Amino acid sequence: QVQLVESGGGLVQVGGSLRLSCAVSGRTLSSRLMGWYRQAPGKEREFVAAISWIGDFTYYSDSVKGRFTISRDNAKNTVYLQMNSLKPEDTAIYYCTCDNNYWGQGTQVTVSS
């Protein structure tokens, strides 16, 4: 019903920046939040950031607060995650989610040290 496709991942140096995109399609009229999670090898999936479709309410995990910015473009049906001051600890597969009910395939982010 809802399809999410992440893009923008890649290899960056410590301190670098990267912007992830999540293209949203399908029946999303009733959705409230779009978010980003990440999962590093051998670790549990963790929340990164979320934003509401209406109202521009944003939420961030403590580990990325001040460095990452989540945003959206309703007209383009796209959610973004601007990642600045990247650290090796940010290395993970990043997943886009709609209300934690639908998930994208993930995009790999690798921060080299």
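Keep in mind that what you see is a predicted model, and the values were worked out from it rather than measured. Keep in mind that the numbers below use all heavy atoms, side chains included, and drop hydrogens, waters and symmetry copies.
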Point-to-point distance, once rounded to the nearest 0.5 Å, from CD1 of Ile54 to CG of Asn74: 7.5 Å
When you measure from the side chain of [X] to the backbone of [Y], do you find a donor-acceptor pair of N or O atoms at a distance under 3.5 Å?
X      : Y      : value
Thr107 : Glu6   : no
Thr78  : Lys76  : yes
Thr97  : Tyr102 : yes
Tyr60  : Ile70  : yes

Return the set of residues passing side-chain hydrogen bond (donor to acceptor under 3.5 Å, both in side chains) with Asp99 (not counting sequence neighbours), or none when no residue passes. none
Assess the residue pair Ser31 and Trp53 against the criterion (side chain to side chain donor-acceptor pair (under 3.5 Å)); give the C-alpha distance rounded to whole Å, side-chain angles, the decisive distance to 0.1 Å, and a yes or no. CA-CA 8 Å; Ser31 66; Trp53 279 113; 3.1 Å; yes
Quick test of your reading of the model: are Asp62 and Lys65 salt-bridged, counting only N-O distances below 4.0 Å? yes
By disulfide (SG to SG under 2.5 Å), which residues pair with Cys96, not counting sequence neighbours? Cys22
What pair of heavy atoms forms the shortest contact from [X] to [Y], and how long is it?
X     : Y     : answer
Arg38 : Ser63 : NH2-OG, 3.4 Å
Ser52 : Arg72 : O-NE, 2.8 Å
Ala49 : Leu81 : CB-CD1, 4.2 Å
Val64 : Val48 : CG2-O, 3.5 Å

Within a reach of under 6.0 Å around CD of Gln3, are more than 12 heavy atoms found that belong to other residues, nucleotides or ligands? no
Considering residues, nucleotides and ligands other than Phe57, do more than 12 of their heavy atoms fall under 6.0 Å from its CZ?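 Not more than 12 within 6.0 Å, no.
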For Arg45, what residues pass the salt bridge (Lys or Arg N to Asp or Glu O under 4.0 Å) criterion, not counting sequence neighbours?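 Salt bridge (Lys or Arg N to Asp or Glu O under 4.0 Å) list for Arg45, sorted by chain: empty.
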Got a sec, which residues hit salt bridge (Lys or Arg N to Asp or Glu O under 4.0 Å) with Lys43, two or more places apart in sequence or on another chain?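 Residues passing salt bridge (Lys or Arg N to Asp or Glu O under 4.0 Å) with Lys43: none at all.
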Listed pairs under 3.5 Å, donor-acceptor, residues 7-20 side chains, sequence neighbours left out:
unit_1	atom_1	unit_2	atom_2	d
Gln13	OE1	Ser112	OG	2.6
Ser17	OG	Asn84	OD1	2.9

Is Met83 close to Thr69 at the side-chain level, that is, under 4.5 Å between some pair of heavy atoms?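 When only atoms from C-beta onward are counted, Met83 and Thr69 do not touch, as no gap falls below 4.5 Å.
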Cluster link [X] to [Y], ILVMFWY, side chain under 4.5 Å:
X     : Y     : result
Tyr94 : Val2  : yes
Met34 : Tyr80 : no
Tyr95 : Leu4  : no

Could you walk me through whether Phe68 and Asp90 satisfy the side-chain contact (heavy atoms from CB on, under 4.5 Å) test, starting with their C-alpha distance in whole Å, then the side-chain angles of each, then the deciding distance to 0.1 Å, before giving a yes or no? CA-CA 11 Å; Phe68 291 9; Asp90 296 319; 3.9 Å; yes
Which residues satisfy the ring pair (Phe, Tyr, Trp, His ring centres under 6.0 Å) test with Phe47, sequence neighbours excluded?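 Counting only residues at least two positions away or on another chain, Phe47 forms a ring pair (Phe, Tyr, Trp, His ring centres under 6.0 Å) with Tyr37.
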